[in-house]
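One structure is given below, encoded as structure tokens.
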Amino acid sequence: MTEFLVFAAVLVAASLVFVLVPLWRAGTPSADKRRAANITIYHQRYAEIEREVAAGALTRQDAESQKDELGARLLADIDDTPELAPSPRAARRPWVATILVLAVMVGGSAAVYWKIGDYQAFVEQDTPDLNAMIAELEQRVNDHPDDMQARAMLARASEAGGDYGAAAEQYRALNAAMPAPRPPIIAAEAQATLAATDDLQGRAKTLYEQLLELEPQSREALWYLGLAAAERGEGEAAIDYWDRLLAQDLPEDFATMVANRRAELAGEKPTLSND
């Protein structure tokens, strides 16, 4: 809602500029163009006189005389012409018109939104009650254990609420109910289990091994199985997992992290960032 208010304010401001700037400019004096025109004519005539002298049509004495006369005429014209032509509207500023425009545009916009807009959205914004949603989904799953959609929603809601143990339990039930293993659900259970237990050697390790069998290029499985092997002191196995991971086209930051962990495990010097 804040973004909408900012956008609306910008639109109103732009509209006011579009209307008021020409209104105020109309009351200001404009520069008189006669002075500039006289000066331009002077330079043109001066150049013509020089060309006539060069062509032999005028003597130098006659040319100087015409130049003096031309200069005197220009000086008189400039003295008689003010820099700014007075305008009968110059002394009047459109204050009344400005106030009317502001009242119509700002007040009118507010009135229209008050009439047809959702004013309550400014006053209060309803946020979903996550606990109530989880309780409702739990009841739905208890009443209909075969409702896989409700169970998946309950797993995601539990994750959002930080209850990773409950989420892992629901994902495990989903995996057990699948007619064939599905990598996304296996990965989701592995993530929730790891978040709940912080243990790479138990159920999470088994799930990542299963995931790697189904998807030999799974980055997530290769990374965590490498960590699990390193925890067990199986350096060669960890390096093998990470070499398979580094053979892929990885994001630069992730590739650097994997390469550094591999180098540390192999007793090599880690790669330093150029940043």
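This one's a predicted model, so the numbers in the text were calculated from it and none came from an experiment.
- A distance-only check finds a donor-acceptor pair linking the side chain of Asn142 to the backbone of Glu138 [under 3.5 Å].
- You'll find the side chain of Trp223 reaches within 4.5 Å of the side chain of Arg261, heavy atoms only.
- Residues forming a ring pair (Phe, Tyr, Trp, His ring centres under 6.0 Å) with Tyr224 (at least two apart in sequence, or on another chain): Tyr208.
- Taking a cutoff of 4.0 Å between a charged side-chain nitrogen and a carboxylate oxygen, Glu209 and Lys205 qualify as a salt bridge.
- Within a 6.0 Å radius of CZ in Arg172, other residues, nucleotides and ligands contribute 12 heavy atoms or fewer.
- Each of Tyr164 and Ile186 belongs to its own hydrophobic cluster when Ile, Leu, Val, Met, Phe, Trp and Tyr are linked at side-chain heavy-atom distances under 4.5 angstrom.
- Note on Ile185 and Leu214: separate hydrophobic clusters, where clusters join Ile, Leu, Val, Met, Phe, Trp and Tyr whose side-chain heavy atoms are under 4.5 Å apart, directly or indirectly.
- Looking only at side-chain heavy atoms (C-beta outward), Arg219 and Pro251 come within less than 4.5 Å of each other.
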* Asked: Checking side chain to side chain donor-acceptor pair (under 3.5 Å) for the pair Glu220/Gln191: CA distance, chi angles, key distance, verdict?
  -> CA-CA 10 Å; Glu220 183 179 350; Gln191 293 168 6; 3.0 Å; yes
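- Residue Asp198 places its CG atom among 12 or fewer non-hydrogen atoms of other residues, nucleotides or ligands, all under 6.0 Å distant.
- Side-chain atoms of Glu231 and Leu227, non-hydrogen and from C-beta on, never get closer than 4.5 Å to each other.
- Of all non-hydrogen atoms in Ala230 and Leu265, the two that sit nearest each other are CB-CD2, 4.3 Å.
- Nearest heavy atom pair, residue Tyr171 against residue Arg156, reads OH-CG, 3.6 Å.
- Inspection of the Asp143 and Gln139 side chains reveals an N or O donor paired with an N or O acceptor under 3.5 Å.
- Across Leu250 and Leu245, no two heavy atoms sit closer than the pair CD1-O, 3.4 Å.
- Considering all non-hydrogen atoms of both residues, Ser218 and Leu211 come closest at OG-CD2, 3.6 Å.
- Cluster annotation: Leu200 is connected to Ile239 through the hydrophobic network of ILVMFWY side chains, with a link wherever side-chain heavy atoms come within less than 4.5 Å.
- Considering all non-hydrogen atoms of both residues, Ser158 and Ala167 come closest at CB-N, 3.8 Å.
- Here the side chains of Arg151 and Pro145 are in contact, with some heavy-atom distance below 4.5 Å.
- By the criterion of side-chain heavy atoms lying less than 4.5 angstrom apart, applied directly or through intervening Ile, Leu, Val, Met, Phe, Trp or Tyr residues, Leu174 is not grouped with Leu154; the two fall into different hydrophobic clusters.
- The neighbour count for Glu215 CD, taken as heavy atoms of other residues, nucleotides or ligands under 6.0 Å away, is above 12.
- Summarising the geometry of Gln210 relative to Pro181, their closest heavy-atom pair is NE2-CB, 3.9 Å, with the distance given to 0.1 Å.
- Note that CG of Asp163 and CD of Gln170 are 10.0 Å apart. Values are rounded to the nearest 0.5 Å.
- Met153 and Met178 fall into different hydrophobic clusters, where Ile, Leu, Val, Met, Phe, Trp and Tyr residues are linked whenever their side-chain heavy atoms come under 4.5 Å apart, directly or through other members.
- Residue pairs meeting the salt bridge (Lys or Arg N to Asp or Glu O under 4.0 Å) criterion with at least one partner in residues 174-194, sequence neighbours excluded, are Glu189-Arg203.
- By the ring pair (Phe, Tyr, Trp, His ring centres under 6.0 Å) test, Tyr241 is found to be paired with no residue, residues two or more places apart in sequence or in another chain being considered.
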* Asked: Run the side chain to side chain contact (heavy atoms under 4.5 Å, CB included) check on Leu194 and Asp199 step by step: do they pass?
  -> CA-CA 6 Å; Leu194 185 59; Asp199 180 12; 5.8 Å; no
